[in-house]
Structures are given as structure tokens and as C-alpha cells.
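Data block below; observations after.
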Amino acid sequence: MRWSQTLIPTLKEAPADAEIVSHQLLLRAGLCRKLTGGLYTFCPMGLRVLRKIERIIREEMDRAGALEVLMPALQPPDIWQKSGRYETARDVLYKAKDRSNKEWVLSPTAEEVITTLASTEINSYRQLPLNFYQISVKFRDEIRPRFGLMRAKEFIMKDAYSFDGTDEGAMASYRKMYDAYSRIFARCGLQAFPVEADTGVIGGNYSHEFMVPAETGENEVVYCESGQYSANVEKATSRGPLTPTPTTTTGAAPEKFATPGVVTIDALAAAPYGVSAASQVKTLIYLADNKPVIILVRGDDQLNEAKLAGKLGATAFRPATADEILAVMGARPGSLGAVTATRKALDIRVFADEQLRQARGMTTGANEDGFHLRHVDVERDIKVDVWADLRTVVAGELCVTTGLPLKIRRAIEVGHVFKLGTKYSEKLESSFLDTDGQRRPTVMGCYGIGVTRTLQAVIEQCHDKDGILWPMSVAPYQVLLTPLGAPGTPTAVLAQEYYVQLQAAGVEVLIDDRDERPGFKFKDADLIGIPLRVSIGEKSLAKGEVELKPRGGALRAVPKDKAVDEVLAFVRESLSKLA
RNA sequence: CGGGACGUAGCUCAGCCUGGUAGAGCACCUGGUUUGGGACCAGGACGUCGCAGGUUCAAAUCCUGUCGUCCCGACCA
């Protein structure tokens, strides 16, 4: 492609609304343009990258035995009601109405549609296993679109859905996708690694996310340096807090003491009270489907809402407001407690973190403003309905498997694999006749890759101060020819010869045929990040040489007759590293 | 939805406090000089100052409302 004949709208300065570097480079390198918040138009260069990532995904999905299909983005709401997600996913669903006022759903994923297909088309164990995938536009009514393509209202996703006859089969399908994902991201030149994940609103019982480490990532990953454990912080566990929970008791009954104005864990830990945070019980009130529940965690622990969501079994939950808390508990936040004897209403379920199971000699709110209780033995004094792991892991705690200190880092989620089980197949009636003639629900898995997000994640991981450094496998063009003289001069003529020869050899080549000064071309070249630049200038040409400059690497002069072969070798070698 | 910031040329921003003339740099067009890391000179084009009300002789500037964008929190590929 000739630079002068395409649209590469590079920008010297980043638009003010681009915050993170990958978003800035996305715009500065002319890959795409914002239409409005969360919606972007892909320009030719951006689309080329997108297509390359899609191609890698297709190759690996096909290799893993998945079948490509294409499902409607516009979907009838009744199948969403059947699966229950019309309610549980309500907040992210875009809805549209047609001329007869009938409502439609714009697809954020396609479990309902694929399961509908499976319900009519899969009837026998002989057809299984099957795995369908598609690459298509998805819609999500994001509360806050941000960071360019990272979190958009509309984005491109690869979604796959496996159907098996048995749980073991489903595990094998899951494993295949897991392996395919590892290859896909590696081939894109991305350092992505799998972590154990929470299953969220999609449901299911086994899941990994593929994470790209990045300071700007929206996820926190807990990991052990041994490499034997890594998990999303929403899911992560450890051997427990570094400070042990008190377990000794005097046997004394709970004793009320005045704590005027003390409404925080820290205040109670300070003088004159001196009650360490580890020996306090934190009492939180949530509304789960509008019914209050009491949550207990140790004073210095943070409630993990993802873990709570898994135990609550509610379609929606949120922290109660101060007024709601007062109405339910008869006291204000800061003085709350779950000790049965002090509770106003006893029909509220109590969820307690496992850390508190043996806890004795604890201090907690007295359910009366300005008072706390000491000598609380949790199991003796509090009627707990559900014991569960509800706390958030803190860096430095010990790994459950290795005993080494855990670390935490931020990351971008680019892929997610779930073992779904029979949740959707039961609700949407996908079943088959087994060898014994029994009708059984298919066992499903679902597997997503954020394609547009992956594109931006590559930029986030592969850039320097001057611009993007595309991996050869996803670069919009493999080679950039930069003649430094004006059109018609010997440098331009030679560049044109290279252009023809390289194209004939199957190389994707961009030639900067603009009548610009060398410095200007170099700056743009660095910005758009084509992996190999060939500079043809009069000075080196006088010596019979041209220059090869890998983006991010050292410049090398080569005889002008050898240049094409050198370029071919470089491209081939770069691609083989990412095969 | 809660908290914060901001809407002035295609982009980055100044002007607003203290009301009166629409500004700079980059980009764009024309001509010339330049030509190995975002050149220079001369000329030119580009604005309903987000929108709607209000105050005023007079509003980019003050007031009210509204829409939009961005940042922090809850959601997720």
C-alpha cells in the first residue's frame, strides 16, 4: 500500500480524553477514531490489525475442532427470560423496540441462541462433542465505557460454546479451549497468562481468565512466584491473614462498654481503647434482592463482594444505605453488631467469614450507638447461618499450595473460559439420548476472547516512548519502505523496485511515498510501529547500501542488492517466532 | 447512579476571575526556500465559544437548566 493512497491519520498530540498509553497510541497512530463515548470507527490500519488477530483466532479455533457459525446480534427477549438472564444481566442489556413496539435484545453474548440451536439440532450422543464459535459484534450497556476499546459499548468478541455428553467430556473440551487460548495470545505476541476466575453473572462452576499484566489493567491478580498459583482477587484464597485471629477466651460473657463517637475499626484500635483490628468483628449490612443480610468479616479484612455474590444466590445485591441500616438494626454504621442477644430483628440471615469460626475474645458493635461489646466468642454468641470464605486476600499472605508469600499485580482480561455445566441446557432444553436411551442435558462450556480489547492490550504491552512496536504476526504491514528523497529521485525509484519485488514475494509492504522530510517520516514510522523499516537515502545509496531498521532494534546497513532477501529472511524469522 | 473536572478552529490549549474586538501552536490550502529524526518565510481558509433560557445597552465571560466528554467507585471480553 502507498501511504499517500490510504488513510493513516497520525496525530502529533493525543486527544485530551485518551488517558492510558494504549488508548493514546490507538488514536495517534491513526488506527481508529471515536464516534462517541464507547464507540469507535476502525480506520484501515486498525482494521488490518483486527483482521490479523481474528485470523489467528480462527486458525486456532479450527485447529481445536470448533465450528464457526454466525448468530444474530438482534435477539428475542423470550429466550433471555427463559435463561433467567433477562433479569440477572438486565443492567448490561441493550434493548430496542421495533415499529410494533415489540422489544428486542442486542446480544452481549450468545448462550441463549446457541443453546436454542443445540436444543433442536443435537439429539444423540453420537453427535457429541460439538463446539461452535463466532466472531461478531457484541453490545453491552456499560455503566462507564473507558480506555478506548478496553471497555466499549460495542466491541468484537470471539465467543465459543461447547456441548458434551458427560462432565469428563466437558472438561476435555474446556482443556482444549484453554490450550487454544494460550496459543492464540502467544501468537499475537502477547504475554497472557491464565488465572483462576470468578464466574460472575454467566454462572457455572469452573473458570479461568487470560490476563495481560499491565498497570492500567482493571483487574487485580493474586499470584505465587512459584507459578503454581494465580487467581483473580475476586476468587483468590490464601492461608489467611498474617495476624492470627484471637482464639483464647476468659469465658466471660459479652460486656458492653461505652465508645462515644467511635465509628471506625481504626478508632477502636487506637488509644484509649487499643482493640487491635484483628480482634474486631466488622458488621456489614447488604440488601440481597431487597432483603437485608448481615455480613461479618474480621476488622482488618475487606469483604470480597464477588465471593459474597456466589454465596448469596441473589439476582441483585448492594450495600444498604445508612437509613436502611438504622431501620433494620436500630443502630448506625460503626456501632453495628450481630451478637444474637443485641439484635433487633432475628429473621435476618448472617453470613460470616471462615476467619471468625474459632474467634474468641472479640470486640464488635453493641447495636447501640456509642457502645461496643467485648468478650465476644463468635460461635457462642452469634447465630451464623452461613460460614464462607468472604475475605479479600492481601499481598504477602501465604500461598495455599506452596506457602510462599503471594503477590498482587494489575492485569487486563483478554479471554475467559467457563465450564458452564447444565445451567443453560436445562433451562433452554438442550438434551440428547445417551447410549442407554436416557435423555440427558448437554454439558456446556463457554469461551470468550475480547478481540478489540486484545488489539489494544497488544499496544499496551508493545510500545515505547515513540510509538507502537507491533509483533510481526499482527502488524498492519510487515515492512515499511522509507525513501528519503523526493518523488522521482533515485531513492524513490529504488524504493519502488523493492515495493514491487516484496509484494511479489508475498510481503505486506507499506511505502511512505509522501513528499515529506526524512525526520517527519521517521517520526510517523516509529509511531505506527511497522516491525521493519527499510530506509533508502542518498548518503547510504552512494555506498551502494540501504538501511534495515527493526522497530525497537538496531539499524543495519546492507548492500542494496541484498536488501530484498534480507527483508524476506527477517519477516520469515519474526513470524516463525510467533507461530 | 454517586463524587470530581471539563466543553472555545480538525488536534492541544489560552481568553472567563474583573462583561464590550474570537486568539496561539500544530494540522490544512497557495507560493517560495529547504530535505537523514515532527523545517523556514510569506500569504490564505477554518468558529452558531456544547445547547436552551435568563440578567445586561452589551455575554465565550455572570446566573439557571440541559446535553455531552473525561476521571474515581459499582459492571465485564
Side-chain angles (χ1 to χ4, degrees), chain A residues 9-20 23-24 27-28 30 33-34 36-39 57 88-93 108-110 135-160 181 192 197-202 209-212 217-219 232 234 305-306 309 316-319 321 412-418 446-457 466-467 482-487 489 491 514-527 533 535-542 546-547 549 555:
Chain A
T10 57
L11 256 24
K12 201 165 181 174
E13 289 171 294
D17 56 8
E19 188 73 8
I20 65 174
H23 186 194
Q24 293 172 349
L27 298 168
R28 285 192 56 211
R33 283 292 181 265
K34 182 170 82 170
T36 183
L39 296 172
I57 293 172
T88 55
R90 184 179 43 209
D91 290 346
V92 300
L93 279 186
T109 66
I135 297 177
S136 63
V137 174
K138 298 293 185 293
F139 300 89
R140 227 162 263 189
D141 189 359
E142 288 291 342
I143 301 165
R144 179 148 88 92
R146 63 177 141 177
F147 300 149
L149 302 176
M150 286 293 185
R151 177 178 300 278
K153 294 180 197 292
E154 182 188 306
F155 57 98
I156 296 177
M157 181 163 96
K158 187 285 303 177
D159 45 329
Y181 275 35
D198 179 61
T199 48
V201 70
I202 294 181
E209 288 164 335
F210 283 78
M211 294 289 197
V212 174
E218 297 184 83
N219 295 269
N232 193 307
E234 295 176 342
E305 287 198 348
F317 71 97
R318 60 171 175 83
T321 65
I412 299 162
E413 180 191 354
V414 288
H416 202 159
V417 292
F418 287 91
C446 74
Y447 318 94
I449 291 179
V451 183
T452 37
R453 180 181 286 181
T454 298
L455 186 159
Q456 195 174 332
D466 296 314
T482 311
L484 302 181
T489 60
T491 65
R514 298 173 300 173
D515 188 9
E516 293 288 353
R517 300 159 61 87
F520 187 91
K521 291 186 177 186
F522 292 150
K523 286 291 184 189
D524 259 357
D526 289 344
L527 185 55
R533 187 181 86 206
S535 298
I536 303 112
E538 279 172 30
K539 286 180 187 169
S540 45
L541 206 51
V546 297
E547 289 158 355
K549 172 76 170 64
L555 188 136

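All of these numbers come straight from a predicted model, not from anything done at the bench. Note on naming: letters A, B, ... go to the chains in the order of the sequence lines (proteins, then strands), and numbering restarts at 1 for each one.
For A:R33, there are no salt bridge (Lys or Arg N to Asp or Glu O under 4.0 Å) partners two or more places apart in sequence or in a different chain. With sequence neighbours excluded, the residues satisfying side-chain contact (heavy atoms from CB on, under 4.5 Å) with A:R151 are A:E142, A:R146, A:E218, A:R453. In this view, A:A16 satisfies the side-chain contact (heavy atoms from CB on, under 4.5 Å) rule with no residue, not counting sequence neighbours. For A:F210, the ring pair (Phe, Tyr, Trp, His ring centres under 6.0 Å) criterion is met by A:Y178, A:Y181, A:F185, not counting sequence neighbours. For A:E19, the side chain to side chain donor-acceptor pair (under 3.5 Å) criterion is met by no residue, not counting sequence neighbours. A:E305 meets the side-chain contact (heavy atoms from CB on, under 4.5 Å) test with A:Y286, A:L303, A:F317, A:P319; sequence neighbours excluded. For A:E234, there are no side chain to side chain donor-acceptor pair (under 3.5 Å) partners, not counting sequence neighbours. In terms of the side chain to side chain donor-acceptor pair (under 3.5 Å) criterion, A:E154 has no residue partners (sequence neighbours excluded). Under the rule for a side chain to side chain donor-acceptor pair (under 3.5 Å), the partners of A:S535 that lie at least two apart in sequence or sit in another chain are A:R533.
Distance, A:F210 CZ to B:A77 C1': 13 Å, rounded to whole Å. In this structure, A:R514 atom CZ and B:G38 atom P are separated by 14 Å, rounded to whole Å.
With distances taken from any side-chain atom of A:R151 to the nucleotides B:G37, B:U12, B:C75, the minimum falls on B:C75. For A:E142, the listed nucleotide lying nearest its side chain is B:C75; candidates were B:C75, B:G38, B:C76.
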N/O to N/O distances under 3.5 Å, protein versus nucleotides 27-35 of chain B:
| from | atom 1 | to | atom 2 | distance (Å) |
| --- | --- | --- | --- | --- |
| B:U34 | O2 | A:R517 | NH1 | 2.7 |

For nucleotides 22-25 of chain B, which of its nitrogen or oxygen atoms have a protein nitrogen or oxygen under 3.5 Å away, and what is each distance?
| from | atom 1 | to | atom 2 | distance (Å) |
| --- | --- | --- | --- | --- |
| B:G25 | N2 | A:E13 | OE1 | 3.4 |

Output one line per pair: protein atom, nucleotide atom from nucleotides 66-73 of chain B, and distance, for all N/O pairs under 3.5 Å.
| from | atom 1 | to | atom 2 | distance (Å) |
| --- | --- | --- | --- | --- |
| B:U69 | OP1 | A:T36 | OG1 | 3.4 |
| B:U69 | OP1 | A:G37 | N | 3.4 |
| B:U69 | O3' | A:K34 | NZ | 3.2 |
| B:C71 | OP2 | A:R144 | NH1 | 3.4 |
| B:C72 | OP2 | A:R144 | NH1 | 3.1 |
| B:C72 | OP2 | A:R144 | NH2 | 2.8 |
| B:C72 | OP2 | A:R146 | NH1 | 3.2 |

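Where stacking is scored as ring centres under 5.5 Å apart with planes under 30°, A:F155 registers as stacked on the base of B:A77.
Nucleotides B:C46 and B:A9 have their P atoms positioned 15 Å apart, rounded to a whole Å. Remark: the separation of the P atoms in B:U69 and B:G31 is 41 Å, to the nearest Å. Atom C1' of B:C1 sits at a distance of 39 Å from the matching atom of B:C26, rounded to the whole Å.
Nucleotide B:U33 is matched to B:A39 when pairs are restricted to Watson-Crick or G-U wobble geometry with both distances under 3.5 angstrom.
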